[in-house]
Amino acid sequence: QVQLVESGGGSVQAGGSLRLSCAAFGYGYDTNCMGWFRQAPGKEREGVARIYTRGGSPDYADSVKGRFTISEDSAKNTLFLQMSTLKPEDTATYYCAAGSIWLACPPLSRADEWNYWGQGTQVTVSS
């Protein structure tokens, strides 16, 4: 059973920073890309950033470009999201996702095409 476990969420004031982590483990786990999504109450799940685990440039949503950085430690199967200059509109539950090794990496706009999901971690940014 593949599992993704997020950590690092919390409450912060606008302008502050947080670092999210996502540990991936499970028998037979492998992927070609991982990503971060977020979902605010009453809104659809939104792709934030994705990264190819075997090289390639990461992709970001326009709303977070220049403020968020996605990275990974492939040796430890761990994904990170460094969030800086946080805004109240960044408030959401953040989810880690991974694509299947057998398929092309899904775009950030297609949450339904990602194969594995974590349980989410809450990020709250106050003004």
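Sequential numbering from 1 along the given sequence is applied to the chain's residues. Not measured: the values here are computed from a predicted model.
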| message | Run the side chain to side chain contact (heavy atoms under 4.5 Å, CB included) test against Gln13 and tell me which residues pass, sequence neighbours left out. | response | Ser126
| note | Residue set satisfying side chain to side chain contact (heavy atoms under 4.5 Å, CB included) with Ser100, at least two apart, ordered chain then number -> Trp102, Leu103, Asn115
| query | Between Ala14 and Ser127, what is the shortest heavy-atom contact and its length? | reply | CB-CA, 4.3 Å
| query | If you look at every heavy atom in Arg67 and Leu86, which pair is closest and at what distance? | reply | NH1-CA, 3.9 Å
| request: Rounded to the nearest 0.5 Å, what's the gap from OG on Ser74 to CE on Met34? Could you check? | output: 11.0 Å
| said: Hydrophobic cluster membership, with links at side-chain heavy-atom distances under 4.5 Å among I/L/V/M/F/W/Y: are Ile70 and Val64 in one? | reply: yes
| request: Would you name the heavy atoms of Cys22 and Leu4 that are closest together and state the gap between them? | output: SG-CB, 3.9 Å
| task | Identify, with sequence neighbours excluded, every residue that meets ring pair (Phe, Tyr, Trp, His ring centres under 6.0 Å) alongside Phe37. | result | Trp114, Trp117
| message | Exactly one of Val5, Leu81, Leu20 should register a side chain to side chain contact (heavy atoms under 4.5 Å, CB included) with Thr121. Which one does? | response | Leu20
| field | side chain to side chain contact (heavy atoms under 4.5 Å, CB included) between Glu46 and Ser63, intermediate numbers included | value | CA-CA 10 Å; Glu46 172 192 20; Ser63 58; 3.5 Å; yes
| message | I'd like to know if the side chain of Thr53 and the backbone of Asn32 have a donor-acceptor N/O pair within less than 3.5 Å. | response | yes
| task | Could you list all the ring-ring contact (aromatic ring centres under 6.0 Å, His included) pairs where at least one residue sits in residues 42-90, not counting sequence neighbours? | result | none
| request: Tell me, please, which residues at least two apart from Ser7 pass side chain to side chain contact (heavy atoms under 4.5 Å, CB included). | output: Ser21
For residues 92-99, which side-chain N or O atoms pair as donor and acceptor with protein atoms under 3.5 Å away, sequence neighbours left out?
residue	atom	partner	partner atom	Å
Thr93	OG1	Gln122	OE1	2.9
Tyr94	OH	Arg38	NH1	2.9
Tyr94	OH	Asp90	O	2.7

| request: Could you name each residue pair satisfying disulfide bond (SG atoms under 2.5 Å apart) that touches residues 42-76, not counting sequence neighbours? | output: none
| said: Assigning hydrophobic clusters by single linkage (Ile, Leu, Val, Met, Phe, Trp, Tyr; side-chain heavy-atom cutoff under 4.5 Å), is Leu108 placed with Ile51? | reply: no
| Nearest atoms (heavy-atom pairs only) where Cys105 meets Arg50 | O-NH1, 3.3 Å
| task | Please identify each residue that fulfils side-chain hydrogen bond (donor to acceptor under 3.5 Å, both in side chains) with Gln119, with sequence neighbours left out. | result | Glu6
| said: Could you work out, with salt bridge (charged side-chain N to carboxylate O under 4.0 Å, His left out) as the rule, every residue matching Lys65, not counting sequence neighbours? | reply: Asp62
| message | Between Leu79 and Trp36, is the side chain to side chain contact (heavy atoms under 4.5 Å, CB included) condition met? List the steps. | response | CA-CA 9 Å; Leu79 182 71; Trp36 288 99; 3.3 Å; yes
| message | My understanding is that only residues two or more places apart in sequence, or in another chain, count here; which of them pass salt bridge (charged side-chain N to carboxylate O under 4.0 Å, His left out) with Glu113? | response | Arg110
| message | Considering only residues two or more places apart or on different chains, which pairs with a residue in residues 114-127 satisfy salt bridge (Lys or Arg N to Asp or Glu O under 4.0 Å)? | response | none
| query | Under the side chain to side chain contact (heavy atoms under 4.5 Å, CB included) criterion, do Lys87 and Val125 qualify, and how do the steps go? | reply | CA-CA 6 Å; Lys87 304 175 181 180; Val125 184; 5.5 Å; no
| note | Across all chains, not counting sequence neighbours, the side chain to side chain contact (heavy atoms under 4.5 Å, CB included) partners of Ser17 are Gln82, Ser84
